[in-house]
2 protein chains.
Amino acid sequence: MNIGTASEKSGLPAKTIRYYEDIGLLRPDRADNGYRDYSMSDVHRLRFLQRSRSLGFSVEQCRQLLSLYGDKERESADVKAIAETKLVEIDRKLAELTELRNTLRHLVHNCHGDARPDCPIIDGLSGRMQTQ
Amino acid sequence: MNIGTASEKSGLPAKTIRYYEDIGLLRPDRADNGYRDYSMSDVHRLRFLQRSRSLGFSVEQCRQLLSLYGDKERESADVKAIAETKLVEIDRKLAELTELRNTLRHLVHNCHGDARPDCPIIDGLSGRMQTQ
DNA sequence: ATAAAGCTTCCAGTAACTGGAAGTTCAAGG
DNA sequence: CCTTGAACTTCCAGTTACTGGAAGCTTTAT
């Protein structure tokens, strides 16, 4: 499939997909006309990149994560070690995201939603805090 | 407190903290010697920035999120609208992160962890997929 | 008093895109 | 078949969000 279709399916702009190829994150086939030709496997890699990038992993971390999928020659123990390291990181991110959500939820539910500026959460968080 | 202490407490490099000041994300006091002087409230903003940036929110999104905390003049209905928009985004990120974790967990648990390269998950995900 | 550590500003470099120009190829309509 | 517009190509320049380093001032520790 062409880059436009791959872009739609992966949620990444075509520009970014070409950039990822430049820095060696994937290597699509080329059709006779010179157009890039993406397989479903390529699209999976792209979606994976889209997701992990948007979650705050660096491109180099994504490259590591991708290697878990792509490299059949890689030893399983190695895969396991990398995956386990990343799992710790992901769990930390999950906890932080949950905390952020709770804060915002609280904000939404405890504020009046009208024109009164005396929101208790904002007051609580923005004021001078002496607690530690 | 000085920038070094604020850096420790927030988890952000001093360089980044100064940069955030440059682009108007916070405005610490200055001591008589010209040193920046951070309050606990500043540190809270910094920690909040650290967290939301590492979770893939852009600086501009962080600026919006921060406005929920900082601006007492802001109307509550406005706060509520922004918070609710961000909540949807956070929930999406949570779902994606959970999915990513499940994939990796599966990878960790189903692989042999020895030197055999025939991990079923890698085989499943990296191979040519005909499914859609 | 002097050295090291920490602070200041400023300027240049990097990572990860992103936009735009200039040209080629393809799919649709006349 | 011809043309027109969308989608593709490469290349180069610009943006965002830092990051490193120089040059100099202030504080702390011996």
Side-chain angles (χ1 to χ4, degrees), chain A residues 1-40 42-43 45-67 86 89 93 96 100, chain B residues 1-40 42-43 45-67 86 89 93 96 100:
Chain A
M1 83 191 69
N2 282 353
I3 198 168
T5 313
S7 168
E8 256 175 56
K9 290 197 189 248
S10 66
L12 285 171
K15 277 267 177 188
T16 305
I17 296 177
R18 287 193 201 100
Y19 172 72
Y20 285 165
E21 184 179 346
D22 280 353
I23 61 172
L25 286 180
L26 78 164
R27 216 172 236 297
D29 285 348
R30 291 285 175 141
D32 290 342
N33 56 13
Y35 285 19
R36 289 168 179 84
D37 183 22
Y38 295 89
S39 67
M40 274 316 291
D42 289 326
V43 170
R45 293 173 78 90
L46 289 171
R47 285 172 76 143
F48 183 82
L49 282 166
Q50 190 284 318
R51 198 178 304 157
S52 40
R53 283 293 295 130
S54 93
L55 293 169
F57 288 96
S58 74
V59 164
E60 283 319 303
Q61 287 175 321
C62 289
R63 201 189 294 274
Q64 279 203 334
L65 285 166
L66 256 190
S67 77
K86 292 302 172 198
E89 211 165 325
K93 276 177 192 290
E96 286 179 351
L100 187 57
Chain B
M1 84 190 70
N2 283 352
I3 199 170
T5 315
S7 168
E8 257 174 56
K9 290 197 190 247
S10 66
L12 285 171
K15 278 267 177 187
T16 305
I17 296 177
R18 288 193 201 98
Y19 172 72
Y20 286 165
E21 185 179 344
D22 280 353
I23 62 172
L25 286 180
L26 78 166
R27 216 172 236 296
D29 285 348
R30 292 283 175 142
D32 290 343
N33 57 11
Y35 285 19
R36 289 167 178 85
D37 183 22
Y38 295 89
S39 67
M40 274 318 290
D42 289 327
V43 170
R45 292 174 77 88
L46 289 171
R47 286 171 76 144
F48 183 82
L49 282 166
Q50 189 284 317
R51 197 178 305 156
S52 39
R53 283 292 295 130
S54 93
L55 293 169
F57 288 96
S58 75
V59 165
E60 283 320 303
Q61 287 174 320
C62 289
R63 200 188 295 273
Q64 279 203 335
L65 285 166
L66 256 190
S67 76
K86 292 301 172 198
E89 211 165 326
K93 277 178 192 289
E96 286 179 351
L100 187 56

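Just the heavy atoms: all of them, side chains too, but no hydrogens, waters or symmetry mates, feed the values below. It should be emphasised that the depicted structure is a prediction, and the values quoted were computed from it without experimental measurement. All chains are named by letter (A, B, ...) in the order of the sequence lines, taking the proteins before the strands, and each is independently numbered beginning at 1.
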*Applying side-chain contact (heavy atoms from CB on, under 4.5 Å), run through B:Asp29 and B:Ser39 and close with a yes or a no.*
CA-CA 8 Å; B:Asp29 285 348; B:Ser39 67; over 6 Å; no
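- In this structure, A:Asp22 places its CG atom 10 Å from C1' of D:dC11, rounding to the nearest Å.
- If you measure from atom CZ of A:Arg30 to atom C1' of C:dT25, you get 14 Å, rounded to the nearest angstrom.
- Direction change of the helix axis from one end of the helix from C:dA1-D:dT30 to C:dT14-D:dA17 to the other is 20°, with five pairs defining each end axis (rounded to 10°).
- Within the nucleic acid shown, B:Arg36 comes within 4.0 Å of sugar-phosphate atoms alone, with no base atom in reach, counting heavy atoms only.
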*asked:* Run the side-chain contact (heavy atoms from CB on, under 4.5 Å) test on B:Ser10 and B:Ile17 for me, step by step, so that the C-alpha distance in whole Å, both residues' side-chain angles and the decisive distance to 0.1 Å come before the verdict.
replied: CA-CA 9 Å; B:Ser10 66; B:Ile17 296 177; 4.0 Å; yes
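- Within a 6.0 Å sphere centred on CZ of A:Arg30, heavy atoms belonging to other residues, nucleotides or ligands number more than 12.
- The distance from atom CD1 of A:Ile17 to atom C1' of D:dT9 is 15 Å, rounded to the nearest whole Å.
- Atom CZ of A:Arg47 is surrounded by 12 or fewer heavy atoms from other residues, nucleotides or ligands within 6.0 Å.
- Nearest-nucleotide positions on DNA chain C for B:Gly4 and A:Asp32 put B:Gly4 closer to the 5' end.
- Counting to the nearest Å, the P atom of D:dC12 and the CZ atom of A:Arg18 are 16 Å from each other.
- For the pair B:Met1 and B:Asp42, the minimum side-chain heavy-atom distance is 4.5 Å or more.
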_Contact pattern, 5' to 3', of nucleotides 16-27 of chain D - B, S or - by protein heavy atom under 4.0 Å_ = -BBSBB----BS
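- The CG atom of B:Asn2 sits 7 Å away from the P atom of C:dT8 (whole-angstrom rounding).
- A:Asp37 places its CG atom 15 Å from the C1' atom of C:dT25, with the value rounded to the nearest Å.
- The side chain of B:Ile3 approaches C:dC7 more closely than any other nucleotide in the set D:dT10, C:dT9, C:dC7.
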_Chi angles and distances behind the side-chain contact (heavy atoms from CB on, under 4.5 Å) call for A:Tyr20, A:Leu66_ = CA-CA 12 Å; A:Tyr20 285 165; A:Leu66 256 190; over 6 Å; no
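- The existence of a salt bridge linking A:Arg18 and A:Glu21 is excluded, since no basic side-chain nitrogen approaches an acidic carboxylate oxygen closer than 4.0 Å.
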*For B:Lys93 and A:Lys93, what are the C-alpha separation, side-chain angles and deciding distance, and is it a side-chain contact (heavy atoms from CB on, under 4.5 Å)?*
CA-CA 10 Å; B:Lys93 277 178 192 289; A:Lys93 276 177 192 290; over 6 Å; no
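- For A:Gln50 and C:dC17, the CD to P distance is 11 Å, given to the nearest whole Å.
- Within a 6.0 Å sphere centred on CZ of A:Arg53, other residues, nucleotides and ligands contribute more than 12 heavy atoms.
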